[in-house]
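For reference, positions follow the sequence shown, starting with 1.
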Amino acid sequence: MERRLIAGTPYRKLLTAPRPVAEGMKARLEARGIPVVLETPFSGLPEAALGTYMGDVALWVPETLWGEAEALMEEGIP
């Protein structure tokens with residue numbers, strides 16, 4: 001399980017998926033109040049900011065909310 005600090009908060013990787021799938025998961029999780037950070041292999045470059053990269057990206061959530069995020073994914077998030 002991968003962990004890292006993002007802006008001083010411990011985050012844990014929830015999944016790696018193609019960008020369109022990860023963006024959908026991000027929107028659904030954020031609608032439930034769970035902050036999400038997407039990380040492309042090009043972090044810091046225009047592809048990351050513009051959203052033009054459609055390959056696999058990592059989806060990170062705060063470690064304290066990881067269990068809730070995982071449970072929502074297992075439910076198939078409506």
Side-chain angles (χ1 to χ4, degrees):
M1 122 186 65
E2 293 183 59
R3 295 180 170 138
R4 70 168 52 146
L5 284 179
I6 299 175
T9 301
Y11 273 68
R12 191 166 156 187
K13 189 191 303 187
L14 185 62
L15 61 85
T16 299
R19 179 122 192 201
V21 173
E23 289 283 1
M25 293 302 302
K26 178 180 187 249
R28 292 178 184 131
L29 290 168
E30 288 179 339
R32 297 286 188 93
I34 298 175
V36 176
V37 173
L38 289 184
E39 179 183 62
T40 72
F42 305 107
S43 293
L45 297 175
E47 291 85 356
L50 297 173
T52 56
Y53 175 73
M54 292 295 136
D56 286 350
V57 298
L59 192 146
W60 296 79
V61 296
E63 190 163 349
T64 57
L65 298 172
W66 188 86
E68 183 180 345
E70 185 178 52
L72 289 171
M73 286 182 39
E74 288 176 6
E75 289 176 9
I77 307 175

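The distance from atom CG of L15 to atom CE of M73, rounded to the nearest 0.5 Å, is 4.5 Å.
In terms of heavy-atom proximity, P18 sits nearest to D56 at N-OD1, 3.3 Å. Between P35 and P62, the shortest heavy-atom distance links the atoms O-CD, 3.2 Å. The nearest pair of heavy atoms linking G33 to L65 is O-CD1, 4.4 Å.
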TODO: Any chance you could lay out the side-chain contact (heavy atoms from CB on, under 4.5 Å) test for L59 and T16, step after step, and finish with the verdict?
DONE: CA-CA 6 Å; L59 192 146; T16 299; over 6 Å; no

- [ ] Could you give me the CA-CA distance, side-chain angles and deciding distance for L72 and L29, then say whether side-chain contact (heavy atoms from CB on, under 4.5 Å) is met?
- [x] CA-CA 8 Å; L72 289 171; L29 290 168; 4.1 Å; yes

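Applying the salt bridge (Lys or Arg N to Asp or Glu O under 4.0 Å) test to residues at least two apart or on different chains, the pairs with a partner in residues 59-71 are R3-E63.
W60 and I34 fall into different hydrophobic clusters, where Ile, Leu, Val, Met, Phe, Trp and Tyr residues are linked whenever their side-chain heavy atoms come under 4.5 Å apart, directly or through other members.
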Below 3.5 Å, can you tabulate the donor-acceptor pairs from side chains in residues 4-14 to any protein atom, sequence neighbours excluded?
from : atom 1 : to  : atom 2 : distance (Å)
R4   : NH1    : E39 : OE1    : 3.1
R4   : NH1    : E39 : OE2    : 2.4
K13  : NZ     : E2  : OE2    : 2.7

